[in-house]
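To start, the structure itself, in structure tokens.
Lettering follows sequence order; numbering is per chain, from 1.
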Amino acid sequence: MENIWTIENLWNAIGTVLRNWLAGFLPAWLVTLIMDLLVIVVLLAIGIVAVLVLSFMERKVAARAGDRYGPNRWGPYGLLQPFADAIKMLIKEDIIPHVADRFSFNLAPVIVTVGAVMTYAVLPFGRDMVAANLNIGILYFAAVGSLSIIGLLTAGWGSRNKYALISAFRAVAQLITYEVPVGLCIICVVMLAGSLSTQDIVLAQQERGWFFLLMPGIFILYFLAASAEMIRCPFDLLEADSEIIAGHFIEYSGMKFALFFLAEYIHLFAGSAMMVTLFFGGWLGPWLPSWLWFLIKTFVVIFVFMWIRNTFPRIRIDQVLKIGWKVMVPAGLVGLAITGFVDKLIADKLIAGVVLFICNIGLIIGVSYLMGRAQRRKEMAAEGAALR
Amino acid sequence: MYGTGLLKGLSVTLRHMIGTFVTDIRKFPRRYFTDGNHPTRSPEPYLHGTFSIQYPEEKVPMWPRFRGPLVHLRDPETGQPRCTACGMCERACPHGCIKVEGEGKGKERKPTRYEYNVGRCIFCRQCVESCPFNAIELSRFYELACYDKDTIWDLPRLLELGDKEVITEQGQFWGET
Ligand code: SF4
Ligand code: SF4
């Protein structure tokens with residue numbers, strides 16, 4: 001028997017050993033139950049560790065972009081700061097507003113967090129390292145990912161606060177708008193890969209090259225739409241501090257606020273991980289073990305999100321919706337048509353890839369030209385109005 | 001092309017981000033300290049590097065005419081306090097922060113008790129202006145937070161603070177008075 005104890009499948013090997021050990025003295029159904037529960041616990045742990053790391057990283061990146069140091073007092077280089085934050089959150093007083101709808105107020109953080117954590121089930125953390133290798137993995141991700149909209153709406157309704165309610169409206173308007181381009185981009189990837197399973201999509205990229213190289217236009221579209229879906233700047237209209245204070249979690253404090261915070265960063269991690277899976281070849285990569293590659297790529301993508309957050313100002317809600325419906329959805333449809341035709345008409349995979357790349361560059365230039373022309377026309381109209 | 005402005009903005013923040021790390025590495029072992037007593041803060045907006053002042057480790061020196069709490073000055077020859085307990089400062093002070101008691105006559109008169117209530121002082125410098133012997137001055141010390149209500153400072157403490165702040169003469173930082 002070959003040696004299973006390589007770094008490559010370290011985690012799988014631990015699982016196998018544990019399962020064999022349990023099977024020695026427990027009935028089979030109990031072993032399955034325990035192993036499934038363990039997987040859930042591990043996924044939750046990954047979620048919480050990711051939140052600790054990401055909240056620290058967010059503050060450090062924000063600080064560095066603004067020529068500051070960021071947290072650096074507690075622990076070497078401020079590394080223990082997330083734990084201090086967590087303790088602070090846990091011991092804070094839990095306030096429920098007098099007029100709040102208690103049931104939905106208390107339910108909302110749970111829905112949001114559960115919806116966020118459930119997306120982890122289909123993330124391919126490495127070769128053969130996916131909690132549930134569903135054959136409709138991507139569909140599941142998109143469906144469960146939008147579950148948290150219900151939580152946001154519940155929070156907005158339950159807190160009985162105007163700002164929270166405005167945020168809930170925005171959540172519905174914005175997230176539903178951006179669900180469409182995200183879906184269109186995912187369909188393009190699925191057409192190339194020929195499967196909805198996350199593992200198969202990664203394996204298809206081994207064969208055809210990373211989809212990021214094949215379809216840069218679709219990738220940019222997906223990147224923008226996904227950042228709107230993850231409520232990241234510049235599309236974080238739901239928690240626009242300057243307009244509606246903190247949006248849906250304005251009335252929350254203590255542990256419930258922490259749950260919203262947790263959900264936000266879990267979404268960020270899951271969204272970046274999905275982007276890596278769809279466009280950057282998932283866990284593919286030389287030399288290093290596959291799960292390490294996956295983590296490295298995910299953190300690079302997360303860094304780009306943080307970088308963008310610290311560069312651009314927030315845009316208005318009408319601009320968000322306008323870009324969503326007038327630019328992204330048509331561009332996504334055109335991209336879908338291009339991908340479909342090229343994939344069907346050209347049998348040779350290499351030539352298809354090259355043609356796809358050229359078409360995507362054309363798509364980027366075309367969209368950019370049309371947007372620039374619309375902008376110029378608007379400016380000219382404004383000038384004409386000023387002259388009159 | 002439409003959208004190139006976004007890339008330009010991204011490059012600006014990236015350059016600033018890298019710039020902070022570059023300055024960090026350049027002054028590596030003393031990361032939280034700036035050279036000498038005077039933190040150098042670049043006035044130009046195009047320079048890179050962190051602008052934070054790491055307060056307990058590095059402090060910004062106050063500008064020359066900053067008015068902090070009162071200090072007593074020493075006679076450079078004898079090393080004794082210059083104050084002769086004439087009571088002019090006590091009379092000049094609009095807030096009544098100063099209490100002076102002394103003994104002896106003429107030049108021999110020395111203060112036995114000098115109380116300065118920093119908690120009530122408004123740093124108006126009237127006492128300094130009124131002193132005929134140039135015996136007091138306002139320091140540039142500013143860390144006045146304390147854990148108890150003991151805000152009445154006596155003569156040894158005022159002298160000690162004067163030594164620490166290296167103030168030897170009235171109007172030292174004020175130009176000609
Ligand atoms: S500075 Fe003004 S308030 Fe303070 S002790 Fe002197 S005279 Fe009194
Ligand atoms: S005015 Fe000057 S010399 Fe007179 S008591 Fe005050 S500090 Fe001393």
Less than 4.0 angstrom from a charged side-chain N to a carboxylate O is my criterion; do [X] and [Y] meet it?
{"X": "B:Glu101", "Y": "B:Arg113", "answer": "yes"}
{"X": "B:Asp163", "Y": "B:Arg74", "answer": "yes"}
{"X": "B:Glu129", "Y": "B:Arg125", "answer": "yes"}

Quiz prompt | Qualifying side chain to side chain donor-acceptor pair (under 3.5 Å) pairs, either residue in residues 75-84 of chain B, two or more places apart | solution =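 Qualifying pairs: none.
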
Quiz item: Does the side chain of A:Lys297 reach to within under 4.5 Å of the side chain of A:Val301, using non-hydrogen atoms?
Solution: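 The answer is no; the side chains never approach within 4.5 Å.
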
Quiz item: If you look at every heavy atom in B:Pro69 and B:Phe141, which pair is closest and at what distance?
Solution: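 So the minimum-distance heavy-atom pair works out to CD-O, 3.3 Å.
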
Quiz item: Applying a criterion of heavy atom separation less than 4.5 Å, what residues of residues 307-321 of chain A form contacts with chain B?
Solution: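 Within residues 307-321 of chain A, the residues that come under 4.5 Å of chain B (heavy atoms only) are A:Trp307, A:Ile308, A:Asn310, A:Thr311, A:Phe312.
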
Self-check item: B:Ile18, part contacting chain A, at a heavy-atom distance under 4.5 Å
Solution: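 Contact with chain A involves no heavy atom of B:Ile18 at all.
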
